[in-house]
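Worksheet for the structure shown next.
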Protein chains: 2
Amino acid sequence: MEELDERKVKILNAIIQNYMETGEPVGSRTISKSSDLNLSSATIRNEMSDLEELGYIVQPHTSAGRIPSDKGYRFYVDHLIAEKDEEISDIKDLMIEKTEKMEKMLKQVVKVLANNTQYATMISAPALSGTKVKFVQLSQVNENQILSVVMMSGNIVKNKLIDVDEPLNSENMLKLNMLLNTNLNGLTVSDINLALISRMKAQAGEFEGIIEQVLQTVAETIGDEEMEIYTSGATNIFKYPELADSQKASEFISAFEEKEELRNLISDIETDGEKTGTGIQVYIGDESPIQTMKDCSVVTATYELGEGVKGTIGIIGPKRMDYKNVMDNLTHLKNQLDQMLKKADET
Amino acid sequence: MEELDERKVKILNAIIQNYMETGEPVGSRTISKSSDLNLSSATIRNEMSDLEELGYIVQPHTSAGRIPSDKGYRFYVDHLIAEKDEEISDIKDLMIEKTEKMEKMLKQVVKVLANNTQYATMISAPALSGTKVKFVQLSQVNENQILSVVMMSGNIVKNKLIDVDEPLNSENMLKLNMLLNTNLNGLTVSDINLALISRMKAQAGEFEGIIEQVLQTVAETIGDEEMEIYTSGATNIFKYPELADSQKASEFISAFEEKEELRNLISDIETDGEKTGTGIQVYIGDESPIQTMKDCSVVTATYELGEGVKGTIGIIGPKRMDYKNVMDNLTHLKNQLDQMLKKADET
DNA sequence: TATTAGCACTCTTTTTTCATGAGTGCTAAC
DNA sequence: GTTAGCACTCATGAAAAAAGAGTGCTAATA
C-alpha cells in the first residue's frame, strides 16, 4: 500500500497545489524553489519521473512540466485534504435570504454558491414522489372546473385544474374534501394504490366518478413532475482556459441550459449512494457518469427533507478545482439547508 | 428623400443578401457576377463608394469588401423585406403541445422558437399586475397556518402561506371566503385600494385583523412578483463567428443566465410601444436599449392576454440575422399565443 | 548511495519574414 | 456613363528562425 514515501507525497502535493493555481504544467525547477524540501531540480526530476511511472502525474508532451492525473487528484482528495483540515477555513458566510418559497430559495442557493466558488453550480429540488401529502383542497372555480390544490411536506404547493361535467354543490364538495384529507394525509405517491382507490371510491358513493378523476389528478400533480433543476454560473467556465474553447464551452453551457444531462447526472449520483461519510461525493474526470463532463470534476452533496426525500446540490468545475474550498462550502450549505427545510416542515 | 436610385437599392440589397449568408465582407466583383445587373466590377465599385458615403455600408479596413451598416440594415428591414413579401413563407409549423400550465407552455415556446430560428430567444410571462382575480380560496392547513390560493385570468395560480395566531372555525372561514370572492372577483391589483380595504374590513367584523393580513398577502401574491422570463438557445451565439469570441460570448450568455438585463430590455421595449403596425419591433445594433446587445439585433413581438395584459417574446441574434424569417416566425407565434391564451381565459 | 551540476536534446511558443490574394481607388480609354 | 488596367493597401497564411522551458542522462561530489 505504501507506494509513496513521504517525500514523494510532498512533491506530489506541491505539484497539485501549484497546478491548481496556475493551470500550467509545473516543472522541476519550480518545485525545487517553492517547496521547503531544499532539493535540487535534478533530484525533483528523478522523483517526478517515479511519480509519473506510478501514474500520479502526467506529461502533456516531452519537455513540458507535469500535471496531475486523475489518480493524482484522487490521491489528493482522499489523503491530502484531510491533512490540511487544521487550517481555519474561512468561508464567506453564505447569506441566504429567508423565504418560504422553495423555488426562490433554491435559485438563491445556487447563485450564492456559484458566486462563492466561481464554478458552475446546480441544485435539484427534492423529488416530490417521496414527500408526503399534508393537505388537499378542492374548490369549485366555475361550473365546469375544479381547482385541486395539494400541499406536500416542505410546504410545496402544487395545483391543477380538473374539468368536470357538472358542478358539485358545496355540501358534497365539503364531503369530498374531508374524504380526501382523511385518506391521503401523510401518504406518499407510491402509497396511493388500487386498494386505497377502490376503498375511497366506495366511500364516495355517488361521486365515484369524480373521485377517480381527482385521485388521478392528484397522482399526476405529485408524481408526474420531472425533476426540477436550478443552475447558476455556467459561464464561469470561461475563467478556466483549459475548458474555454468555444467547442467545449458551447457543449458545456448547452448542457446547463437544457438540463436534461444534468438530470441524468443527478439521478446517477443519487442511485450511486454516498461514498464518503460526510455526504459529499467527488467525481474526478472520467469518474463522472456523464460524458460531457469528462474534463471536469463534479462535487455533490445531498440534502434531506425528512426520511428518504432528498435533493442534490452540485458544483462542476475544472479538474484542478479547489476541492477543499468546494467541499467545505458544500458541507456548510448542506447543513444550512437541512436545518432550514426541517424547520419549514415542522410548522 | 430619394437619395437612393433604383440601381443603388439593388446593389445594397445584393450586398446585404450576400453578407447575411456568408458573414464575410462582400466585394465589388462578387456583386458584379452574382447580380443580374450586368455591370462591371468597376461600376459597382463606384456605386459602392457612393453607398458608403451615404452611410449604408461600411468597410472594415482598406482593401476589404463592404458590410452593411446599421443604417443599411434599417433600410433593408423597412423597405426591402416588404418587397419580397410575395414569396411563400414556409415556416416550419411551430408545434406547441397543449398544456394548461402557463410556465410549461412558455418554456416550450421559447425552445421551439430557438430551434426554428437558430438564434437566442426569450419570453416574458404576462405581468400579473394587470391580470384580474378570478377566484380566491383560503384554507386552514393547520392551527397556525392558512393557505391562500389566488387564481388569476389566464388560469395562473399563486399561493402563499399566512401565519395566524388562532385558527378560524369552518363557518367563519366560509364567510371569509365569500367575502373575499365577492369583493375581489374581477379586480386587478391596482384596484385594491384603501377604500376597498376598509369597506371589506367593516364587513369582516371580528376578523378585521385577519382580513388585513389576508389582503396584504393577496396583494403581495399578485403584485410583488418580479417579471418572470424564460430563455432558450443562448448558445446559438457560437454559430455566428462575429459574436463567438469568448469575451463577448461570456457576457452575452451571462446576461441570458442572470436575466436581469433581459428584464430591463423587455420593460424598455414595452414602454417603447409599437413601432410597426404588426406588433413586431426591430432593434438593430445600437438601437437596442441595452449595451450588451449592441452587436446584435433584437426582434420582439407582444402577445396579449386580454386588455392591457401583455407579454413579450423576443429573438436576439447577429445583426445579419434573417429578418424576414424571424419576423414571420414571430408573427405566426404571436397569433398562436393570442389565440391559446384567449381560449384558456374563456373557460 | 543519494544528491547535484552540467549539458545535449526535444518540443512548444513566439517572432519574423515573405508571399499571396482579395479588394480598392484612380486614371485613361471607350 | 461605363469599363479596362494598374498601383497600392492590408489581411491572411505559411515557412523559417529564434527563444524558452523542461527533461533525461552522465559524471562528479559528499
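Note that the coordinates shown come from a computational prediction; the quantities given were computed from them, not determined experimentally. Per chain, numbering begins at 1; letters A, B, ... match sequence-line order.
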Using a 4.5 Å cut-off on heavy atoms from C-beta on, say whether the side chain of [Y] contacts that of [X].
X: B:Lys8; Y: B:Ile11; answer: no
X: B:Phe252; Y: B:Leu243; answer: no
X: B:Ile290; Y: B:Asp268; answer: no
X: B:Arg74; Y: B:Asp70; answer: no
X: A:Tyr73; Y: A:Lys319; answer: yes

Phosphate oxygens OP1/OP2 of D:dT3: is one of them under 4.0 Å from a side-chain N or O of B:Thr43?
yes

Out of A:Val282, A:Thr121, A:Ile284, which one pairs with A:Val299 under the side chain to side chain contact (heavy atoms under 4.5 Å, CB included) rule?
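With A:Val299 as partner, A:Val282, A:Thr121, A:Ile284 yield a single side chain to side chain contact (heavy atoms under 4.5 Å, CB included), made by A:Val282.
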
Grab the [atom1]-[atom2] distance between [X] and [N] for me, whole Å please.
X: B:Gln59; N: D:dT9; atom1: CD; atom2: C1'; answer: 10 Å
X: B:Glu47; N: D:dT2; atom1: CD; atom2: P; answer: 7 Å
X: B:Leu37; N: D:dG1; atom1: CG; atom2: P; answer: 17 Å
X: B:Asn38; N: D:dG1; atom1: CG; atom2: C1'; answer: 16 Å
X: B:Asn46; N: D:dT3; atom1: CG; atom2: P; answer: 10 Å

5'-most by nearest nucleotide on DNA chain D - B:Leu39 or B:Ser63:
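The answer here is B:Leu39.
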
Given DNA chain D, 5'-ward residue of the pair B:Ser40 and B:Pro60, judged by closest heavy atom:
B:Ser40

Start and end of chain A contact along DNA chain C [non-hydrogen atoms, under 4.0 Å]
C:dT3 to C:dT12

Do any side-chain atoms of residues 232-241 of chain B form donor-acceptor pairs under 3.5 angstrom with protein atoms, and if so which ones, sequence neighbours left out?
from     : atom 1 : to       : atom 2 : distance (Å)
B:Thr235 : OG1    : A:Ser254 : OG     : 2.8
B:Asn236 : OD1    : B:Lys239 : NZ     : 2.7
B:Asn236 : ND2    : B:Tyr119 : O      : 3.0
B:Asn236 : ND2    : B:Gly233 : O      : 3.4
B:Lys239 : NZ     : B:Gln118 : OE1    : 2.6
B:Tyr240 : OH     : B:Gln118 : O      : 2.9

Counting only heavy atoms and a strict 4.0 angstrom limit, can you tell me which residues of residues 19-33 of chain A come near DNA chain C?
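Contacts with DNA chain C under 4.0 Å: none.
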
Would you say the side chains of B:Glu261 and B:Thr292 form a donor-acceptor pair under 3.5 Å?
yes

Will you find, in the side chains of A:Glu251 and A:Gln247, an N or O donor that is under 3.5 Å from an N or O acceptor?
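Result is yes, a qualifying pair exists.
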
